[in-house]
Amino acid sequence: FSEPLLTRPTDMVTVDLGAFAEAYDSDGLRGAPRSLNGKHIGNRIAIQPMEGWDGTTSGGATDETRRRWGRFGESGAKLIYGGEAMAVRPDGRANPNQLILTPENKKDIAELRQILIGAHKGSTNDLVIGFQLTHSGRFCKPADKFKMEPRVAYRHPILDRRFNVTSDAQVFTDAEIDQLIQQYVTA
C-alpha cells in the first residue's frame, strides 16, 4: 500500500477504509485455505465465540440473534469457531439471555445454522461451523444480569469473596460433576 492502513492523529486511531477494503480483497489477508482435523477451511477468516445477550430467557434465538448469524454468513468467514458461547444447562449461563444448547432449543440452533449458510457468500463446501459449549461456573448469572449465582468445583479463599461463593452448597458434588459432563456430551 502507498498509505499506511492506520494513522494516529493526536490520541485517536483512524482506519483508512479504502485501504482496508483493498487489503480485505487480497488473498494475502484472507489467506490460503487451511485444514483443521481433516476438514478443509476455505480461508483464514474466523468468527470467534462470544456470549450473546440477545437470546430468550429460555435460551432460544431472537430476531437479533438471527440477524447476527446472518451477518456471520455475509462476512465470508469460512471458520465459524463458535459464533456463540452456548450454555449446556440453564443454571450455567453467564447472563439470562445466553443461548442454551438443549433439546428444547434444537430447532432454533438449527435455524441459526441455516441462516448463516443461506447468507454465506460463495461456496459453503469449505465452511466449518462449530459451537463453544460452556458452563460459566463462578461467573453464572442465569436469572438476573446483576446477580451472581455461582457454582464451583472447589472453594477458593480469594475468588469466593469476589464472586459471592458463600456456602459449600455452591460446590458441585461428584454426582453433579458427572451430570454436567453428560450434559456436555449430550449437547
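Positions are given from 1, in the same order as the sequence printed here. In what follows, every heavy atom counts, from backbone to side chain, and hydrogens, waters and symmetry copies are set aside.
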Exercise for the section: Check step by step if side chain to side chain contact (heavy atoms under 4.5 Å, CB included) holds for His120 and Lys78. Expected result: CA-CA 9 Å; His120 202 277; Lys78 294 293 189 173; 3.4 Å; yes

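By the 4.5 Å heavy-atom criterion applied to side chains, Ile47 and Ser75 are counted as neighbours. Gln179 is not listed as a side-chain neighbour of Phe172, based on a closest heavy-atom distance of 4.5 Å or more. Side-chain contact between Arg93 and Lys141 is absent, with no heavy atoms from C-beta onward closer than 4.5 Å. Side chains of Met86 and Pro49 form no contact here, defined as non-hydrogen atoms less than 4.5 Å apart.
Ile100 contributes atom CD1, which lies 11.0 Å from atom CZ of Arg89 (distance to the nearest 0.5 angstrom). For the atom pair CD1 (Ile115) and CZ (Arg68), the distance works out to 11.0 Å, reported to the nearest 0.5 Å.
No donor-acceptor pair under 3.5 Å is formed between the side chain of Thr124 and the backbone N or O of Leu127. Checked by atom type and distance alone, the side chain of Asp160 pairs as donor or acceptor with a backbone atom of His156 at under 3.5 Å. Of the possible donor and acceptor atoms, one in the side chain of Asn95 sits under 3.5 Å from a partner among the backbone N and O of Gln98. Proximity of a side-chain donor or acceptor of Arg113 to a complementary backbone N or O of Ile109 within less than 3.5 Å is not detected. Using modelled atom types, one side-chain atom of Asn43 and one backbone atom of Gly76 make a donor-acceptor pair closer than 3.5 Å.
Within 6.0 Å of the CG atom in Asp144, the count of heavy atoms belonging to other residues, nucleotides or ligands exceeds 12.
Residues Tyr81 and Met50 fall into different hydrophobic clusters, defined by Ile, Leu, Val, Met, Phe, Trp and Tyr side chains chained together at heavy-atom separations under 4.5 Å. Residues Leu99 and Val88 share a hydrophobic cluster, clusters being chains of Ile/Leu/Val/Met/Phe/Trp/Tyr side chains in contact below 4.5 Å.
Looking at Thr57, Thr65, Asp54, Thr56 one by one, the single match for side-chain contact (heavy atoms from CB on, under 4.5 Å) with Asn97 turns out to be Thr57.
Taking each heavy atom of Gln170 and Thr166 in turn, the nearest pair found is OE1-N, 2.6 Å. Among all heavy-atom pairs drawn from Pro150 and Arg138, the shortest one is CB-O, 3.5 Å.
A donor-acceptor contact closer than 3.5 angstrom links the side chains of Trp69 and Glu84.
Because its NZ or CZ atom is not both nearer than 6.0 Å to the ring centre of Phe163 and within 45° of the ring axis, Arg155 does not count as a cation-pi partner of that residue.
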